[in-house]
Amino acid sequence: MSGVKPLRILQLHSNFIEYKPVEKEIEEAEESGKETCRLEDLVVLFTSVEEGDDESVVLRAVEDIKGYLDTVKADRILIYPYAHLSSNLAKPREALKVLRELERRAREAGIETYRAPFGWCKQFTISIKGHPLAEQFKTVLPAREAVKEKPSGEVVSKALKAEEKIKSYWFILQPDGKMVPVEEFDFSGHGNLEKFAKYEISKVRVAMQVPPHVTLMKRLEIADYEPGSDPGNMRWYPKGALIKSLIEDYVTRKVVEYGAMEVETPVMYDLQHPSLADYFNRFPARQYIVKSEDKEYFLRFSACFGQFLMMHDAQISYRQLPLRVYELTRYSFRREKSGELSGLRRLRAFTMPDCHALCADLDQAKEEVMRRLRLSMETLEAFGLGREDYELAVRFTRDFYRENKEFVTSLVKEFGKPALIEMWDRQFFYFVLKWEFNFVDNLDKASALSTDQIDTENGQRYGITYVDEKGERRHPLILHCSPSGAIERVIYAMLEKAYRDQLNGKAPMFPVWLSPVQVRVIPVSERFIPDAEKIADELGMESHRIRVDVDDRPLTLQKKIREAEMEWIPYIVVVGRREVESGVLAVRDRQTEKVGEPAEIKKMSLKELVEEIKNQTRGKPFKPLALPRALSQRPRFFG
RNA sequence: GCCCCCGUAGCCUAGCCCGGUUAAGGCGUCAGCCUUGUAAGCUGAAGAUCCCGGGUUCGAAUCCCGGCGGGGGCUCCA
């Protein structure tokens, strides 16, 4: 190694650097003023010269620097003598010679070059750019290959990295079993599928508007950003909390009916737990980390951990399979990158119904997946999301498809519309097959709602076993299903759909069972408030399970109607002299309304109205009004 | 993380480019009038550290620099 004088260079692509020579540290120091020097948008080269006497290294270094400047599109450098990179420093006199040579050669190479004074104690402030290549540490050796080291940044799961290398093959699978490469498929009549396919494959995304549902979620006092929390953690106003809670109840009820056992598990887990750490690396997500005493915990991003650990400890017989376990996670956490967060569509804290099913073998798993596909469609239906509102994607490995063609086709057949297929050459994740329903919004963005997966790894990873017919312990296959997707995302989809309805001239609204106020009673003047209250008493009788309120504010009738309409209230009952005398109600029915046209007023008896609402909400959960009944008693949360 | 946009009263917005009286308007709130017949009745009042810090200037919401917060996009995705 004699004759080799390595350079150690820390390259930092910076927004700016400010440095100020404070005092000379050594006798050989250069002459310099003490004024602060500031340079912007440049690459700073913290450089130390190590023991040796060979100057040829400089040429190599300049080559390397040029390449780097090209890559990061910069054209200016600052050579900043920085002794702390080495424990084997060259003599100052020699080091200065090398640095000057480096400066000269860099200039010769056409680089705008600055150099901080050598031999001084300097103070500096630096702002480093955030792109992946902004920080590089190099050791430049004259006779050998340069050593590249990247300073360690954030801990990224292996799965997240692996994902970057996945090669996907895209097809459209028709209900009749015909599989067509996506570029050959005729999308006429399948506009949403086309948008979804493009969104998934092309990665071109243009849109620079606030998503319609964000405006609506605020205006309707459903939810809002919470500036006092981490981004992606929402606040829920009374109306939103009610809607969310009803949806949660409904999904839970459906899953329990399907045969799942509801459980509850912790929100945080030991980062060092062996099974968890391993799984962690198979799941492409970023986490919140919580420190407690001297341990680190990650906040769960699904219910898998808790349920798997529970199943690990359970005694299970093959006779009990498929065994279904369910939890509604309030909350699951994923520390999505800040630029990815969007309204209720993509959050850092969200509520995820998560249902696992342990299956004895693939045949049982396939049967179960089919049941859960149906369960998911029924569930979405209750939120007013029909098959026309979402698209199916099925993703699997090539091997799985070869051996299970019929099964895959049967899923698409059950769905009834062509589906987007993504095929992989080998298994990257813990599952061999996964399907999702995807909603396409008004900005042509697609997001997954319901999903199910066939997991071939975690039974083993978590040591989950059942005892088979022969008395032997075996690992089950595990299905992971969310029949609705995140609850917040369901609300997002409903709002986006309502917005689209409005564009098409339909009055936007929630399904009646989810409307925070189902009937508003409006007296024509203050004189009729007592009559209005009496009607509200009768409509709102506990046994009717109807949410009624009364607009008792001293406003004009028109104004009160307008506000009720803007709140998307399904039934508006106006009470005046005529109603009091006749006993017949004058009802505005939102479901029959068209935007911009005068409303039709239906004459109905109170009993008929109660019946109609009961018909609309049959079989759905009910919760009482989440706000004071009298509008005059209500605060305004937004606007 | 990067790029782009935004930050003015509880909400929405004007003013900013081109610096100059008490920062303008609408919604909402409060008070009063009106007592209302199916999507905005009238009058009045209160309400603003113009995001924060620095700089330029006789003078900054306005120009410059830095920071903070939010949104959107990029990459990827339950």
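As a basis for the values below, the full set of heavy atoms in this structure was taken, side chains included, without hydrogen atoms, waters or symmetry mates. Labels below follow one simple rule: chain letters A, B, ... track the order of the sequence lines, proteins then strands, and each chain is numbered from 1.
Minimum heavy-atom separation, R372(A) to C481(A): NH2-CB, 2.8 Å.
In this structure, L341(A) places its CG atom 14 Å from C1' of G1(B), rounding to the nearest Å. Spacing between atom CG of L347(A) and atom C1' of G71(B) amounts to 14 Å, rounded to whole angstrom units. One can place CE of M217(A) at 14 Å from P of C11(B), the figure rounded to the nearest angstrom. Atom-to-atom, CZ of R345(A) to P of G71(B) comes out at 14 Å; the value is rounded to the nearest Å. The nearest whole Å value for the distance from the CE atom in M234(A) to the P atom in G71(B) is 8 Å. K218(A) places its NZ atom 13 Å from the C1' atom of G10(B), with the value rounded to the nearest Å. The distance between atom CZ of R235(A) and atom P of G10(B), rounded to the nearest whole Å, is 13 Å. What separates CZ of F638(A) from P of C11(B) is a distance of 7 Å, to the nearest Å.
Sorted by first and then second residue, the ring pair (Phe, Tyr, Trp, His ring centres under 6.0 Å) pairs involving residues 556-585 of chain A (not counting sequence neighbours) are F510(A)-W568(A).
Summary of the strand contacts: R636(A) and E436(A) both lie near RNA chain B, and taking for each the nucleotide with the nearest heavy atom, the more 5' one is attributed to R636(A). Toward the 5′ end of RNA chain B lies the nearest nucleotide of S342(A), the other residue of the pair A486(A) and S342(A) mapping further downstream.
Counting only distance, with no hydrogens or angles, the side chain of T397(A) and the backbone of F400(A) share a donor-acceptor pair below 3.5 Å. A donor-acceptor distance shorter than 3.5 angstrom exists from the side chain of H213(A) to the backbone of L344(A), with no hydrogens or angles considered.
Comparing U62(B) with G72(B), their C1' atoms sit 26 Å apart, to the nearest whole Å. One C1' atom belongs to G47(B), the other to G25(B), and the distance between them is 15 Å to the nearest Å. Atom name P, nucleotides A14(B) and U29(B): the rounded distance is 24 Å, in whole Å. Using atom P as the reference point in both U57(B) and A23(B), the two lie 25 Å apart (nearest Å). Remark: the separation of the C1' atoms in G37(B) and U43(B) is 25 Å, to the nearest Å. For C42(B) and A60(B), the C1' atoms lie 40 Å apart once the distance is rounded to whole Å. Taking the C1' atoms as reference points, U21(B) lies 30 Å from G28(B), given to the whole Å. Spacing of P atoms, G44(B) relative to C27(B), comes out at 12 Å, to the nearest Å.
Among the protein residues, F350(A) comes within range of the nucleic acid bases, having at least one heavy atom under 4.0 Å from a base atom. Contact annotation for R395(A): no contact, since no heavy-atom pair falls under 4.0 Å across all strands.
Judged by Watson-Crick or G-U wobble contacts below 3.5 Å, the nucleotide C68(B) has G7(B) as its partner. Applying the Watson-Crick and G-U wobble criteria (two distances, each under 3.5 Å), G1(B) pairs with C74(B). If you check U62(B) for Watson-Crick or wobble pairing at under 3.5 angstrom, you find it has no partner at all. Base pairing of G44(B): its partner is C30(B), meeting the Watson-Crick or G-U wobble criterion (both donor-acceptor distances under 3.5 Å). With a cut-off of 3.5 Å on both Watson-Crick or G-U wobble distances, the partner of A24(B) is given as U13(B).
In this structure R76(A) satisfies the side chain to side chain contact (heavy atoms under 4.5 Å, CB included) test together with L42(A), E112(A), Y114(A), sequence neighbours excluded.
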Item checked: Nucleotide-resolved protein contact map, nucleotides 33-43 of chain B, B/S/- at heavy-atom distance under 4.0 Å -> --BBBBBBB--
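Residues S450(A) and P483(A) have side chains not in contact (no heavy-atom distance under 4.5 Å, counting atoms from C-beta outward).
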Checklist line | Test salt bridge (Lys or Arg N to Asp or Glu O under 4.0 Å) applied to K195(A) and E391(A), step by step | finding: CA-CA 10 Å; K195(A) 284 177 184 170; E391(A) 301 302 329; over 6 Å; no
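Note on ring orientation: taking the six-membered ring where Trp is involved, the planes of F301(A) and F305(A) are perpendicular (angle over 60°, cut-offs 30° and 60°). Relative ring orientation between Y492(A) and F439(A) is described as perpendicular, the plane-to-plane angle rising above 60° on a 0-90° scale split at 30° and 60°.
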